[in-house]
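If you scroll down you'll find the structure; I have some questions about it.
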Amino acid sequence: MNVTNGNKTTSCQDETVCTLQIYPRLSVKPGQSCILRVPKEATAATVIKTALATLGLDTSKTYVLVEVQEYGGEEWVLHASDQPVQRVLLWPRKAQDKHPQSDGYFFALQEGSYDGSIQYDVMTSVRQEKVAQGLANRGFVTQQPQEYDDLCNLPELTEESILGTLRHRFHKQKIYTFASNILIAVNPFKFLPIYNPRYVKMYENHTLGKLEPHVFAIADAAFHTMLNKQVNQCIVISGESGSGKTQSTNFLIHCLTALSQKGYTSGVERTILGAGPVLEAFGNAKTAHNNNSSRFGKFIQVNYLESGVVRGAVVEKYLLEKCRLVSRGKTERNYHVFYYLLIGASEEEKDEFKLLHPEQYHYLKEEIPIAEDQAEMKHEFRRLDQAMEMVGFLPSTKKQIFSVLSAILYLGNVTYQPKDVGEGLKVGPDRVLYAISDLLKVKVELLVEALTTRKAMTANDTLILPYSLNEAITARDSMAKSLYSALFDWIVLRINHALLNKRDLEESVPRLSIGVLDIFGFEDFKMNSFEQFCINYANEQLQYYCNQRIFTLEQEEYRAEGITWHNIDYPDNIGCISLFSKKPTGLFYLLDEESNFPRATDSTLLEKFKQQHQDNPFFVQTPVREPAFVIQHFAGKVKYQIKDFREKNTDHMRPDIVALLRSSECSYLRQLIGANPVAVFRWGILRATIRTLAVFNEAGRSWAEKHPGNIYMLLNVIVLFSVQNLIDSHSLKFIMNLTQHNRATRSLLHLHTKKKPPSISAQFQASLSKLLETLRKAEPFFVRCIRSNGDKREMHFDDALVLQQLRYTGMLQTVRIRRSGYGAKFTFKEFTDQFRVLLPKEISTPQQDITNLLTKMGLPRSSFQIGRTKVFLKESERQILQEALHKEVMRRIIILQRWFRACLMRKQYLREREGIITIQVLFVWLSRGFKKNAFSRPVVSKCFSCNDLPLLLSFISLFGPKASGSHSNFPHVKSSATFPGPRRNPTIKISRATRVQEKWNASLDREITDSNELRHLDEFLGNQVCVDVYILLQLFERHLDFNSKVGFDTLVNPNIGYKTLMSGYQTRVSSLAGLKKASEVPLVVNLFQSVLDGFIRGELKRLEADQLGHLFSTYQVTIMQSCDQCSSFIWGMEKAFMCSSCKMVCHKKCLSKITVNCTGHCDRKVSTAQTLHFGVPVCALVRTADSVPFVMEKMLVHVEMNGLYTEGIYRKSGSVCRAKELHHLLEKSPQAVSFDNYPIHTITGLVKQWLRELPDPLMTYSLYNDFLYAADLPEESERLRAVYRRLDELPPPNFSTLERLIFHLVKVAKEEAHNRMSVNALAIVFAPCILRCPDSSDPLLSMKDINKTTLCVEILINEQTRRYNQKMEEIQQLENAEAMAVKQLKLRRQNTIFERPKLGSDVSSVDGANLEIEKNLLERIKSIKKEKNDLAFRLPEFDQDSSDAENMDSESLVSSDSLLEDHCVSLDSEGQY
């Protein structure tokens, strides 16, 4: 910045005129700069005004001047009174003289908002990158890695670069990253609002990698790959416990069902989405690493028809962790369903199922506190109840399930004590035994016998042996675990039966499928047992499968095709898998052997492990006396405790307990323990049939005695025929065949069979082999889930933990092979079939032709290779090829369309030319009149067809010469030779639309206030080519330009009535018609009116249907989502509303607040925000910053004038209908509304509604946490000062409105004796309205803040009440002083009138003194009134809260009191004279 003074250039510090360089951040003038010479004392407002004039910008908009320092690292918005030159003097010397933008110190001119804030959306991304790079180079911030959404695009591929990219994206809440077609998902331990249906629509049918990485992109890619290739797909989700696999599975299932053509929650999709919450409740639990850890593995296979419609689904489960039911770690919990039931059940349900508090159950005792989660658990119980209904559970079935769950919990409370006399144990307490007996419908005696004794079979007898204490506890826990396992198996079976499509049993239809694998993650706890042993083996197999697919098979294919390839090494875990499963020395086989030996123990099992595998590098030796062993897994070393390995491997229900449960009166319980569901089903039908036949037999005998005949036999035939239909069990057989591995599990319930049941480890290996076989038959997509930290902290990235996971999953090698390899592979036939359009017509040698095509397109030689039978392409090059194919196809389509359009236009041209010739002949004939030879038959037959006759007759009737009586000059039509076709009646009948109307229709009272409606009218009239009105216009004036006459093109803000248009049209037609044809003018005008009536009806219908373009319908949420309007959570199984076009999702309460147009429609109504008064930001409703919105002020004034004494003024609610009516009137025309006809509670309800519907509450979302912090301070004085400091940070319109509202509440609280509204009651009512939590915050956590928000509002009301009272006292004192001054003035004037001056006194001096005293009194009265008015005006104000100010006020009060006393004394003294 400098000035020029003659030939010298001097510093601005010594001059009065300086030079400023302004850089506009505007889209209309990007890159321009403006050099201004302004005075040194010029303000920012003056500089902005000068810059706008220099740049020629629109002065009606709001602009701000921004001071930028250090490449945008610091920016300040200058107020209107700030002096930019003074700001420049604080810059470095170099920047003061000339401040170009490159130096980092400059002024920017930017468009501002209504509230004066800056809009940063005009900043280009290039400049942002330059700013960030400049700050990093200067050392102000740390160097940030360049953001890559695909790790294959990293310029330098190292562990550090991969970790840095993931960290950088994670901190920007971008938790998904691609590695080619592999998705890496970092668990944020926080819900992010990126899973709404509009995101499903966003990623639908997009090439993988085109958009930002997302789990929906993987689902869409799998879905469309399945449809395009007609090959089954699978999505393998892997990761350790707590990495977010279950949540990713839910998102994938949600997206896959949404992509189906049937919709979101209809039919099978509804059942699939409902199965997720049910399985999670019964199979998931809270662990040390995860709040929703899957304690079983599941494979969900969604079946589709070839068209993409969901056909059905199958759920397969693997290895439920039953031991968690009876014991677990101190920081872990049991399965979710127990807590949901105990916390969420109603009082009636608690009595029915005999439920206790969670801490009263032994199986739930060793838990972390659940008090803080009770609200969430109640919600989850309701969600579970709705999900069970979606799956198809009847209310009676749900009651039976909950009864079994309650009985399982009571089993844990069974205690044992030695008998006082003899052997055996006493079992109790009695209330627990009776509760179990009642819940399971078994006899108490049989229950006690099963829990205390066991039966041993000998050759000749059956022995009953009592349990020892440890054996009894083991049997009790075994019964609970087996019962819960049977319940879980039955639920899975029931879900599969609900997901089965019955048509699959009747017809064989080609099907496709997408499988989603959500299996337990790798686990390493402080105490690892048999469950972790099996889980980690499954993860080893899954890691081996991924390695095979990503590395082994890929590189083998490259070598087989003979292309150039450098082998990439990767960590192979086949040795660890062999340690587990290789015969005959694998750990599983050794475990089975020891489990079969009667005298074997856990110690002998450990010795056998160490003896067989002491030289195995994957088996790590431990100290001799330590009962544990260590295995080197792909993810690291894990130590397993050998305790209970044998017992858990042969865990089963004893025959005595099976017999006990079979004796139950509850048929549902007998179904649970049935080995074969088909047999159980058939036996149930058979029992029902026998009972039915017995009833019919008895009824038949009694009927036969009274009515002899054959009716008895007929009834039996009917019953047997019905049974044959009911006993059909094909569906159950079909389900059992799909899940054959579960049959082995159920066989463990029956040890009396001759065939020995397989062990748990054998079952697990069999089911895992079946799973891997299914995966090998499908094309896989991989989702690698990463745990961001070990403490479950939100948005915390632990570098060491993430790096460890990247290493053991081989992520570096994976990215390397994906980057070096070829993602797209085609056989020669597939390539030629797909890209036939790009290839030559004659393909002689496919290899050469394909190579020529790829070279011709300019693809790098390193991006593709031609093998022996296949073409290998990089994914990016395949997309380029696909785009070229698309462009070529579109080019050919356009050529075909061009030819078709040319043919159609040619035909249309010939038809219009024929019509023009016909009209021209008609004009010629009309101009000559009705002469005998003017219209000969050859001419008519040549120019007119039979279809033109009505039009010809209409023209003649309207414009032909009239003759008396009839049309004597018109040639009579007598034969069909001239006009072929049926004979027609020549009588002319004018239609209803053309009849003369004396008055125009009422629809023409409508006015056009929208330019779009005027444009629609213009287009509508232009499209009416077949309407007679345009033909009539051509008759009057061939070159009539309707647009120019009416003025469509010249109106920017139209305000025209349809009657005005009709009047103008009538005037124009009358002037054109003249006197000769004036009689036909009404006909023409009425015909045009009928056209306008049709347009108006269509326009009104369009406006009614177009509510911002949205088409909302009810939508049941299955996964947590966020409302697109208020951004708050929408929990699973809640009802919401979704637009079928743009997929916007919102609460029902948010429907009335939507102001965003639907993006799914091209033609949308422009929202006129200036006519709205509800749901609009405060800054848009006020003209000045210190004013209050009109509607709010009007309602508050009416309440203060008429409702302060009404009881429960803000507690009670008014009529909903009256509130809607008043709301509508206030929206339309608030100035004309009279509140006298409405109850006071209706108006107070609208006051609260107005506050609630504000997009940003009065106390703003940004200051929400600050107000909470202020309310949480310990000292009352500190709280008060902190709250008032935060008030100063509010935007001016919010501050003024809040000030007015609090003053209103103070006046309401002052009348508490009448309206029963205390300060606390008012704070409770208004705190949710004016101090709402941000919509993005956790609602469960925000519930804890209700007390703080209420306290904050209560502080404001109490403090303002105190200040109101204080000011009222001051006003009262001023009124007393004013009264005394008035009295003194009155007395003096009376004395002046009647008093006579004494002799010898100076009359002039006396008069002058009296006048001076009166003048002083008048001035004093005037100043008192002014001060009183000022105090009254400042009653609502939020005064600055400070102790000094209060002291000054108290001192001023004392001084004023003393003055008043002095005045009183002087007045008294004056009265003595």
Side-chain angles (χ1 to χ4, degrees), residues 1178 1188 1192-1193 1195-1197 1199-1200 1203-1212 1240 1243-1245 1247-1248 1250-1252 1254 1257-1260 1263-1264 1266-1273 1275-1290 1294-1333 1345-1371 1431-1432 1434-1442 1445-1446 1449:
V1178 182
V1188 180
M1192 187 64 172
E1193 178 67 24
M1195 290 190 294
L1196 294 181
V1197 169
V1199 173
E1200 291 168 359
L1204 290 182
Y1205 298 97
T1206 305
E1207 183 177 354
I1209 178 174
Y1210 279 109
R1211 186 184 300 113
K1212 298 180 181 179
I1240 197 66
I1243 301 170
T1244 56
V1247 171
K1248 294 181 287 185
W1250 187 91
L1251 294 170
R1252 285 194 302 265
L1254 289 176
L1258 279 184
M1259 302 178 77
T1260 69
L1263 296 177
Y1264 176 78
D1266 295 336
F1267 279 113
L1268 293 187
Y1269 172 77
D1272 206 23
L1273 293 174
E1275 296 293 334
E1276 183 178 354
S1277 58
E1278 293 180 358
R1279 287 200 297 265
L1280 190 61
R1281 282 194 294 270
V1283 167
Y1284 275 82
R1285 287 197 190 102
R1286 298 286 81 79
L1287 290 178
D1288 293 336
E1289 299 177 13
L1290 290 173
N1294 293 52
F1295 184 89
S1296 302
T1297 308
L1298 180 64
E1299 193 176 58
R1300 178 66 178 91
L1301 176 66
I1302 297 298
F1303 176 66
H1304 170 76
L1305 298 182
V1306 168
K1307 298 179 72 174
V1308 173
K1310 291 288 289 182
E1311 306 298 334
E1312 180 184 356
H1314 301 90
N1315 56 39
R1316 300 291 190 270
M1317 294 297 298
S1318 63
V1319 173
N1320 180 259
L1322 289 171
I1324 291 174
V1325 172
F1326 280 90
C1329 300
I1330 63 177
L1331 188 56
R1332 302 196 304 268
C1333 66
D1345 300 334
I1346 293 177
N1347 294 333
K1348 298 179 184 179
T1349 57
T1350 304
L1351 177 60
C1352 188
V1353 178
E1354 189 174 357
I1355 288 173
L1356 286 176
I1357 300 176
N1358 281 328
E1359 179 60 19
Q1360 289 302 114
T1361 302
R1362 185 188 68 81
R1363 298 182 181 185
Y1364 175 85
N1365 294 333
Q1366 181 179 339
K1367 291 177 182 177
M1368 290 302 295
E1369 290 177 3
E1370 294 179 13
I1371 292 174
L1431 277 175
R1434 290 191 295 108
L1435 277 176
E1437 290 182 356
F1438 288 143
D1439 293 335
Q1440 295 295 328
D1441 182 72
S1442 63
E1446 293 177 359
D1449 292 339

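For the numbers below, each heavy atom of this structure counts, side chains included, while hydrogens, waters and symmetry mates do not. Quick caveat: nothing in here was measured; it's all calculated off a predicted structure.
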Near-ring test His1304/Tyr1210, centroid separation under 6.0 angstrom: yes
Side chain proximity check, Cys1333 to Asp1345, heavy atoms < 4.5 angstrom: no
Residues which pass side chain to side chain donor-acceptor pair (under 3.5 Å) with Tyr1364, listed by chain and number, not counting sequence neighbours: none
Residues forming a side chain to side chain contact (heavy atoms under 4.5 Å, CB included) with Glu1193, sequence neighbours excluded: Val1188, Val1197, Arg1300
Short side-chain to backbone donor-acceptor contact, Asn1294 and Leu1258, under 3.5 Å: yes
Partner residues of Pro1257 under the side chain to side chain contact (heavy atoms under 4.5 Å, CB included) criterion, sequence neighbours left out: Tyr1261, Arg1332
Note, Phe1267 side chain near Leu1351 side chain (heavy atom, < 4.5 Å): no
Carboxylate-amine/guanidinium proximity below 4.0 Å for Glu1359 and Arg1362: yes
By side chain to side chain contact (heavy atoms under 4.5 Å, CB included) - contacts of Ile1324 (at least two apart): Asn1320, Thr1350
Backbone of Ile1209 reached by a side-chain donor or acceptor of Thr1244 within 3.5 Å: yes
Non-hydrogen side-chain atoms of Arg1363 and Val1306 separated by less than 4.5 Å: no
Leu1305 side chain near Leu1356 side chain, heavy-atom distance below 4.5 Å: no
All pairs passing salt bridge (charged side-chain N to carboxylate O under 4.0 Å, His left out) where residues 1301-1314 contributes a residue, at least two apart: Glu1200-Lys1307
Side-chain (Arg1316) to main-chain (Arg1211) donor-acceptor, under 3.5 angstrom: no
With sequence neighbours excluded, residues passing side chain to side chain contact (heavy atoms under 4.5 Å, CB included) with Lys1212: His1241
